Amino acid sequence: MSSFSAIGLTLSVISFLLLGTTSIAQLTPDFYSESCPDLFSAVRSQIENAVDKEKRMGASLVRMFFHDCFVNGCDGSVLLDDTPTFVGEKKAGPNMNSLRGFEVIDAIKAAVEELCPGVVSCADIIAIAARDSVVELGGRSWDVKVGRRDARTASQALANTSIPAPTSSLSKLISSFAAQGLSVHDLVALSGAHTIGQARCTNFRNHIYNESNIDGFFARTRRANCPPTKGSGDNNLAPLDINTPNLFDNSYYTDLLAKRGLLHSDQELFNGGSTDSQVKAYASNADAFNADFVVAMIRMGDIKPLTGNSGEIRKNCRRVN
């Protein structure tokens with residue numbers, strides 16, 4: 001092969017690699033460093049206010065990030081309102097009468113638009129809000145990778161099938177996370193987000209009345225606010241972490257060891273299966289949990305982002321431009 005041909009081949013390979021890098025790895029913590037340098041402080045201020053008013057809101061915003069990323073990637077599709085000609089994800093089973101915090105995202109978007117109009121995506125706002133919510137409730141911080149763009153579409157059907165149900169078995173949880181490119185290790189770490197927030201009676205009724213892998217006293221305690229009949233008290237709330245529901249710590253895992261997981265899917269992580277050892281490790285080592293949670297959140301944030309010329313930067317997070 002001539003030196004000219006070799007050089008040409010090398011340049012072609014380099015060009016291919018650069019194109020691949022551009023299409024895959026555009027998310028970076030400093031994406032807005034010049035176009036919107038005050039973005040992170042603006043989001044943090046709004047989150048501080050929202051969580052100060054209602055501690056549960058922090059958990060709700062973390063959950064929103066999860067529900068957004070598990071449906072066609074982290075693209076802000078979960079924020080889109082239904083219209084006469086468009087069906088979004090808000091009325092899907094996992095979201096209807098359950099997902100909350102949309103007004104907080106609206107407030108953040110308004111504040112950010114004042115700083116730098118038309119620059120920051122709603123998808124990125126969700127990702128930053130999730131991180132700041134964890135920090136506000138006592139968890140560890142991390143550098144949020146940004147540069148996502150917003151979807152012009154949504155899928156109620158995928159929201160109904162991609163987001164794991166609270167009745168899921170361990171094998172179903174593992175397969176649901178694997179479908180998103182997340183490992184079993186990620187599954188157990190991300191489930192630790194249930195150390196904050198609350199769940200509705202309709203989502204844990206069967207577990208506290210009809211299942212055996214639950215502490216008896218805990219089950220009786222939860223029954224006091226969750227009647228056995230479907231349709232009665234469905235929206236009554238109970239903390240996912242019985243001891244510190246407003247503090248981001250590792251108590252969720254110690255609850256699982258004591259068979260005090262509120263949801264069937266929670267207790268599945270410690271029920272004689274392959275994830276028992278990781279639950280034990282996190283229960284005894286909060287630093288290990290926090291470190292792995294951060295890594296898993298970053299990995300989840302990398303699920304199929306829209307970048308470059310894909311999607312758009314919505315002016316209003318509830319509708320396409």
Side-chain angles (χ1 to χ4, degrees), residues 56 59 63 66-67 70 93-94 97-98 160-179 182-286 288-289 292-293 296:
R56 183 188 171 206
R63 184 166 180 256
F66 173 79
H67 282 219
F70 264 58
N97 299 321
S98 174
N160 280 322
T161 57
S162 299
I163 299 169
T167 55
S168 296
S169 64
L170 179 58
S171 61
K172 177 60 177 176
L173 291 171
I174 291 172
S175 64
S176 294
F177 276 68
L182 297 172
S183 68
V184 177
H185 201 84
D186 294 328
L187 157 65
V188 181
L190 289 169
S191 296
H194 283 185
T195 190
I196 52 176
Q198 302 185 60
R200 296 182 299 150
C201 166
T202 187
N203 288 326
F204 59 83
R205 176 182 283 120
N206 188 63
H207 184 50
I208 64 174
Y209 282 102
N210 301 319
E211 297 183 349
S212 59
N213 61 334
I214 186 170
D215 175 74
F217 177 77
F218 175 71
R220 290 191 295 273
T221 301
R222 293 280 68 92
R223 290 170 190 165
N225 195 43
C226 183
T229 306
K230 183 178 180 180
S232 176
D234 283 2
N235 292 321
N236 292 353
L237 298 172
L240 288 159
D241 171 351
I242 193 171
N243 294 310
T244 54
N246 294 321
L247 179 64
F248 197 92
D249 57 16
N250 66 332
S251 291
Y252 168 79
Y253 300 101
T254 59
D255 284 343
L256 296 186
L257 296 187
K259 293 191 175 181
R260 295 192 303 239
L262 183 62
L263 305 177
H264 172 88
S265 56
D266 288 328
Q267 197 59 56
E268 279 288 280
L269 299 180
F270 189 78
N271 193 34
S274 61
T275 54
D276 282 14
S277 59
Q278 191 177 345
V279 170
K280 288 180 182 177
Y282 289 161
S284 63
N285 190 333
F289 159 57
D292 287 356
F293 180 79

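In this text the structure is predicted, and so the values were computed from the model without any measurement. Every heavy atom of this structure was used, including side-chain atoms; hydrogens, water molecules and symmetry mates were not.
Thr195 pairs with exactly one of Asp249, Asn250, Thr254 by the side chain to side chain donor-acceptor pair (under 3.5 Å) rule, that one being Asp249. Screening Leu262, Leu269, Ile196 for a side chain to side chain contact (heavy atoms under 4.5 Å, CB included) involving Tyr252 leaves a single residue, Leu269.
For the pair Pro164/Phe66, a side-chain contact is recorded, criterion being any heavy-atom separation below 4.5 Å from C-beta on. In this structure the side chain of Asp234 never reaches within 4.5 angstrom of the side chain of Cys226, judged on heavy atoms. Contact check for Ile174 versus Ser274: side-chain heavy atoms found under the 4.5 Å cut-off. Side-chain contact between Pro228 and Arg223: absent, with no pair of heavy atoms (C-beta onward) separated by less than 4.5 Å. Residues Asn206 and Thr167 fail the side-chain proximity criterion, which asks for heavy atoms closer than 4.5 Å. Within the 4.5 Å cutoff, the side chain of Tyr253 has heavy atoms near those of the Val188 side chain. Counting heavy atoms from C-beta outward, Arg56 and Pro239 have side chains that stay 4.5 Å or more apart. Within the 4.5 Å cutoff, the side chain of Phe270 has no heavy atoms near those of the Asn213 side chain.
A donor-acceptor pair under 3.5 Å is absent between the side-chain atoms of Ser232 and the main chain of Thr229, judged by distance alone. Listed for the Ser265 side chain is a donor-acceptor partner under 3.5 Å among the backbone atoms of Pro166. A donor-acceptor distance shorter than 3.5 angstrom exists from the side chain of Asp276 to the backbone of Gly272, with no hydrogens or angles considered.
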### Message
Could you go through Ile214 and His264, starting from their C-alpha distance and side-chain angles, then the distance that decides it, and tell me whether this counts as side chain to side chain contact (heavy atoms under 4.5 Å, CB included)?
### Response
CA-CA 9 Å; Ile214 186 170; His264 172 88; over 6 Å; no
### Task
List the steps, then state whether side chain to side chain contact (heavy atoms under 4.5 Å, CB included) holds for Asn271 with Leu170.
CA-CA 9 Å; Asn271 193 34; Leu170 179 58; over 6 Å; no
### Query
Ser251 and Asp241: side chain to side chain contact (heavy atoms under 4.5 Å, CB included), yes or no, with the steps?
CA-CA 7 Å; Ser251 291; Asp241 171 351; 3.1 Å; yes
### Task
Could you please spell out the steps behind the side chain to side chain contact (heavy atoms under 4.5 Å, CB included) verdict for Ser169 and Glu268?
CA-CA 6 Å; Ser169 64; Glu268 279 288 280; 3.8 Å; yes
### Message
Set out, in order, the CA-CA distance, both residues' side-chain angles and the distance that settles side-chain hydrogen bond (donor to acceptor under 3.5 Å, both in side chains) for Ser98 and Arg63, then state yes or no.
### Response
CA-CA 10 Å; Ser98 174; Arg63 184 166 180 256; 2.8 Å; yes
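Shown here for Gly233 and Pro227, the closest heavy-atom pair between the two residues is CA-CD, 4.2 Å. Considering all non-hydrogen atoms of both residues, Ala238 and Arg222 come closest at CB-NE, 3.4 Å.
Within the model, atoms NE2 of His185 and CG of Leu190 stand 10.0 Å from one another, a figure rounded to the nearest 0.5 Å. For the atom pair Asn203 CG and Cys201 SG, the distance stands at 9.0 Å (nearest 0.5 Å). Atom CD of residue Gln267 and atom CD of residue Glu211 lie 9.5 Å apart, to the nearest 0.5 angstrom. Atom-to-atom distance recorded for His207:NE2 and Asn210:CG is 11.0 Å, nearest 0.5 angstrom. Put simply, OG on Ser176 and CG on Leu182 are 10.5 Å apart, with the number rounded to the nearest 0.5 Å. In this structure, OH on Tyr282 lies 13.5 Å from CG on Leu257, to the nearest 0.5 angstrom.
The aromatic ring centres of Phe293 and Phe248 sit less than 6.0 Å apart. A distance below 6.0 Å separates the ring centres of Phe70 and Phe177.
Between Arg260 and Asp255, at least one side-chain nitrogen of the basic residue sits less than 4.0 Å from a carboxylate oxygen of the acidic one, meeting the salt-bridge criterion.
Between the side chains of His194 and Asp266, at least one donor-acceptor pair of N or O atoms lies under 3.5 Å.
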